[in-house]
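Please read these numbers as outputs of a predicted model, since none were measured by experiment.
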Amino acid sequence: LQFLYFIAYSRVVHQMAGLDAKIGSGSGENFSDLLKTEIPKELEMFKGRLSPRFYEMRKKVIEFVREDILPAMPIYKKQLAEEAAKVSHMTLAREAPIIGEMRLRAKARGLSNFFLPEVCGLSVFEYSPIAEILGSLPLANYAMNCSAPDTGNMEVLEKYGTPEQKRQWLEPLLDGRIRSAFAMTEPGVASSDATNICSTVTRDGNEYVINGHKWYISGAIRPECKVFIFLGKSSTTAPLHKQHSMIIVPRDAPGVNILRPLAVFGHEHDHAEIIFENVRVPASNMLLGEGRGFEIAQGRLGPGRIHHCMRTIGVADAAIDAMLFRINRRHAFGSLLKEKDTIRQQLAEARLEVTKSRLLCYYAACQADDHGFKAARVAIAMTKVDAPRMCLKILDDAIQMHGAHGISQDSLLSDLYANMRTLRVADGPDIVHLNTIVKEELKRKPTIVGQTISGINTNIEKYGKFNDYKPLTGKRGAMIARL
């Protein structure tokens with residue numbers, strides 16, 4: 001599953017756009033603690049890693065949100081409704097025109113494409129607290145052109161694309177003139193093991209012929225989507241991790257058939273099921289070379305995973321804000337909710353968990369900066385498992401505090417919960433990342449400390465009653481283990 005941090009076609013954005021009624025002047029002073037001038041407390045210990053440019057850019061982002069994004073929300077809400085009224089299904093609606101205007105304003109402030117260090121001049125770590133702001137404000141995320149899956153696709157084209165590929169596809173993506181999708185996941189196989197991918201990429205003269213069945217391809221239905229980066233098998237005889245390739249496929253190429261929008265928890269979103277039937281593209285559309293798909297994928301997914309986690313922490317902070325709003329207004333059993341011990345404990349636990357997750361994400365970002373995304377894979381796997389789990393627990397507690405209101409259409413909480421639950425299977429379910437962690441852990445040799453703490457029963461050897469015991473191993477042991 002490719003989770004699109006994309007809620008423009010759901011009621012979430014309509015409600016987010018309606019926040020202008022709650023913030024009065026639109027200055028943003030009381031909108032969120034993330035928009036405060038001083039840096040978060042968790043960043044203070046990292047001041048030595050923060051460049052003057054970070055402080056400059058963070059200040060610009062906050063000013064952009066306060067001066068442009070928040071006042072634009074009511075216009076955004078109105079235009080979304082107008083565009084939706086023109087089409088048969090909301091996923092077919094064009095983006096609100098105000099997004100284009102916000103992109104121009106972001107560019108004028110030098111705030112576009114922050115996910116690319118080469119563009120924004122910030123490290124992965126320095127981007128982290130800014131991404132938290134974008135996670136709590138989708139319109140700012142779109143305006144600054146930092147939305148998945150375009151971010152990952154632009155990273156691929158920037159790093160691996162030819163000059164012509166960059167001219168044709170990267171430049172309009174960086175400008176926000178078009179959108180894109182990443183076509184990897186397939187319904188007939190366990191796609192978290194990418195060696196299972198069955199779609200084919202077959203050379204035929206000066207072209208490649210694409211055949212396959214993909215699903216949950218995020219962003220593929222919207223009219224602005226013009227191109228896919230497609231993962232498919234180009235060889236059956238090469239070494240296992242050299243059998244797949246990535247290739248550029250225009251969305252309007254003959255043979256691309258979008259079957260339907262797919263639902264998340266019963267609500268249809270812009271995630272497409274697609275048949276690719278004898279789709280022909282020029283051989284020059286191949287990225288990096290045949291058999292290099294996994295190499296590209298590792299370079300693409302590492303940054304994407306950590307960016308998701310950064311934004312997730314912003315969502316968790318917003319959920320805590322929702323808790324505070326609710327418990328300061330509601331009375332039950334003779335007092336405000338904020339005076340109840342159980343509520344106070346849940347709020348304290350929420351802050352504790354967000355703080356731990358934020359520091360783990362910062363650690364992963366620092367590892368990526370210092371050693372590269374490949375070397376940081378364990379730290380990234382840790383934060384990819386931890387951040388959505390943490391956020392889901394806080395959202396669930398927030399829903400409990402809100403009662404029936406928390407699952408109604410008048411609250412954002414249930415939609416945020418559904419989106420966050422989806423993130424736990426995006427870019428691989430938790431078990432994939434847990435396996436990455438444990439593989440590294442199992443490389444460690446047993447230590448004397450471990451032996452001492454574990455302890456040994458010396459009577460086993462002394463009395464010898466188990467001398468004839470032989471553990472089941474080999475084929476027989478494997479068969480019993482499967483039972």
- [ ] Please step through side-chain contact (heavy atoms from CB on, under 4.5 Å) for the pair F54 and L122, ending with a clear verdict.
- [x] CA-CA 7 Å; F54 163 76; L122 300 177; 4.2 Å; yes
Open item on the list: Taking D370 first and then R49, would you say they form a salt bridge - that is, a charged N and a carboxylate O separated by under 4.0 Å?
Closed with: yes
Open item on the list: Less than 4.0 angstrom from a charged side-chain N to a carboxylate O is my criterion; do R103 and D175 meet it?
Closed with: no
- [ ] Would you mind reporting whether V124 and F373 have side-chain heavy atoms less than 4.5 Å apart?
- [x] yes
Open item on the list: Between S218 and H271, do the side chains contain a donor N or O and an acceptor N or O under 3.5 Å apart?
Closed with: yes
Open item on the list: Taking salt bridge (charged side-chain N to carboxylate O under 4.0 Å, His left out) as the criterion, tell me which of R421, R389, K384 meets it with D430.
Closed with: R389
- [ ] Provide the closest heavy-atom pair for A319 versus L395 in the form atom of the first, atom of the second, distance.
- [x] CB-CD2, 3.7 Å
TODO: Look at the side chain of N153 and the backbone N and O of A181, then say whether any donor-acceptor pair between them is shorter than 3.5 Å.
DONE: yes
Task: Over all atoms of both residues, closest heavy-atom pair of T312 and C391 - done: CG2-CB, 3.6 Å
Task: Sidechain N-carboxylate O distance under 4.0 Å for R292, E295 - done: yes
Open item on the list: Please tell me whether F46 and F125 form a close aromatic pair, meaning their ring centres lie under 6.0 Å apart.
Closed with: yes
- [ ] Could you tell me whether a side-chain N or O of K166 sits under 3.5 Å from a main-chain N or O of E158, the two making a donor and an acceptor?
- [x] yes
TODO: Inspect the contact between E56 and K59 and indicate whether a charged nitrogen and a carboxylate oxygen are less than 4.0 angstrom apart.
DONE: no
Open item on the list: Pairing donors with acceptors under 3.5 angstrom, does anything connect the side chains of S234 and S245?
Closed with: yes
Open item on the list: Can you confirm whether P187 sits close enough to K214 that some side-chain heavy atom of one is under 4.5 Å from a side-chain heavy atom of the other?
Closed with: no
Open item on the list: Can you confirm whether the side chains of N145 and D150 place a donor and an acceptor under 3.5 Å from each other?
Closed with: no
TODO: Taking all non-hydrogen atoms of both residues into account, name the closest pair between V256 and P250 and its distance.
DONE: CG2-O, 4.1 Å
- [ ] With F115 as reference, evaluate M144, M310, M154 under the side-chain contact (heavy atoms from CB on, under 4.5 Å) test and give the passing residue.
- [x] M154
TODO: For R260, enumerate each residue passing the salt bridge (Lys or Arg N to Asp or Glu O under 4.0 Å) test, keeping only those at least two apart in sequence or located in another chain.
DONE: E273
TODO: Walk me through it: do F114 and V119 pass the test side-chain contact (heavy atoms from CB on, under 4.5 Å)?
DONE: CA-CA 7 Å; F114 259 39; V119 173; over 6 Å; no
Open item on the list: Pairing donors with acceptors under 3.5 angstrom, does anything connect the side chains of E186 and H213?
Closed with: no
Task: Donor-acceptor pair, side chain of E83 and main chain of E95, under 3.5 angstrom - done: no
TODO: Of all the heavy-atom pairs spanning I313 and C361, show the shortest one and how long it is.
DONE: CD1-CB, 3.7 Å
Task: Under-4.0 Å salt bridge between E67 and R109 - done: yes
Open item on the list: Any non-hydrogen side-chain atom of V281 less than 4.5 Å from a side-chain atom of E207?
Closed with: no
Task: Audit row: R305, H433, side-chain contact (heavy atoms from CB on, under 4.5 Å) steps and yes/no - done: CA-CA 11 Å; R305 287 167 181 160; H433 307 295; 3.5 Å; yes
Open item on the list: For L35, is there any backbone N or O sitting under 3.5 Å from a side-chain donor or acceptor partner on R66?
Closed with: yes
Open item on the list: For a quick test of reading the model, state the closest non-hydrogen atom pair linking G212 to S199 and the distance between them.
Closed with: CA-OG, 3.2 Å
Task: CE on M102 to CE on M73, rounded to 0.5 Å - done: 11.0 Å
- [ ] May I ask you to decide whether K86 forms a salt bridge with E82, counting only side-chain N to carboxylate O separations under 4.0 Å?
- [x] no
- [ ] Taking atom types as modelled, find out whether S51 and E126 have a side-chain donor-acceptor pair closer than 3.5 angstrom.
- [x] yes
Open item on the list: For N206, I'd like to know if atom CG has over 12 heavy atoms of other residues, nucleotides or ligands within 6.0 Å.
Closed with: no
TODO: Please step through ring-ring contact (aromatic ring centres under 6.0 Å, His included) for the pair F230 and F182, ending with a clear verdict.
DONE: CA-CA 6 Å; F230 182 99; F182 184 56; 9.6 Å; no
Open item on the list: Check whether R94 reaches the backbone of R222 with its side chain - one donor and one acceptor, N or O, closer than 3.5 Å.
Closed with: no
Open item on the list: Measuring only between side-chain heavy atoms, which start at C-beta, is R58 closer than 4.5 Å to Y55?
Closed with: no
Open item on the list: Using side-chain heavy atoms (C-beta onward) and a distance below 4.5 Å, is Y208 in contact with N285?
Closed with: no
Task: Under 3.5 Å: donor-acceptor pair, side chain of R203, backbone of G205 - done: yes
Task: Step-by-step side-chain contact (heavy atoms from CB on, under 4.5 Å) determination, I221 to L92 - done: CA-CA 7 Å; I221 301 175; L92 300 174; 3.7 Å; yes
TODO: I would like to know whether K356 and E353 meet salt bridge (Lys or Arg N to Asp or Glu O under 4.0 Å); could you show each step before the answer?
DONE: CA-CA 5 Å; K356 289 193 295 185; E353 292 303 316; 3.1 Å; yes
Open item on the list: Quick one: does any side-chain atom of H241 pair with a main-chain N or O of T195 as donor and acceptor, under 3.5 Å?
Closed with: no
Open item on the list: Determine whether the aromatic ring centres of residues H307 and Y127 are separated by less than 6.0 angstrom.
Closed with: yes
Task: Q367 side-chain N/O to A364 backbone N/O, donor-acceptor pair under 3.5 Å - done: no
Open item on the list: Just by distance, no angles: are the side chains of D270 and T91 close enough, under 3.5 Å, to form a donor-acceptor pair?
Closed with: no
TODO: Report yes or no: does T200 contribute a side-chain atom to a donor-acceptor pair with the main-chain N or O of T202 at less than 3.5 Å?
DONE: no
- [ ] Kindly give the heavy-atom pair with the smallest separation between T383 and C309, and that separation in Å.
- [x] O-SG, 3.2 Å
TODO: Decide if atom OH of Y160 counts as having more than 12 heavy atoms of other residues, nucleotides or ligands within a radius under 6.0 Å.
DONE: yes
Task: Under 3.5 Å: donor-acceptor pair, side chain of R53, backbone of C120 - done: yes
